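Structure first, then comments.
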Amino acid sequence: MIVYNVGDTTNPAKRHFDQFRINLSKLEERFMDMPTTSLSMEQQFKLQVLREEVKRLSQDQAQEYLLEVMRQNMVKENLFKHWMKNM
């Protein structure tokens, strides 16, 4: 298993994550007035459970990285549900 330092700019996973974060931030800004950008109660609960689990990790960067990835994936999921519903 290869482990990259999340601050390492040569890390392809980090570059991909940064681009994903930029793209999702743009989508969030565009759809800020829509209720789909907020998390459902179930998603908020999952995030809280995950937050408690990652507290056991020793690296602050790993904690921030993991939580941000999960939050962005949940927002993306809500956006796709909204788009599919209105097609």
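Computed from a predicted structure; not experimentally measured.
- R71 is not listed as a side-chain neighbour of Q43, based on a closest heavy-atom distance of 4.5 Å or more.
- In terms of modelled atom types and a separation under 3.5 Å, the side chain of E52 and the main chain of V49 share no donor-acceptor contact.
- If you take CG on L39 and CE on M70, they are separated by 10.0 Å, rounding to the nearest 0.5 Å.
- Counting only N and O atoms by type, the side chains of H82 and N78 include no donor and acceptor under 3.5 Å apart.
- Here the CG-CD distance, from L47 to E42, works out to 12.5 Å after rounding to the nearest 0.5 Å.
- Residues V75 and L67 share a hydrophobic cluster, clusters being chains of Ile/Leu/Val/Met/Phe/Trp/Tyr side chains in contact below 4.5 Å.
- Once rounded to the nearest 0.5 Å, the distance linking CD of Q44 with CE of M74 reads 9.5 Å.
- Here the side chains of K76 and F80 are in contact, with some heavy-atom distance below 4.5 Å.
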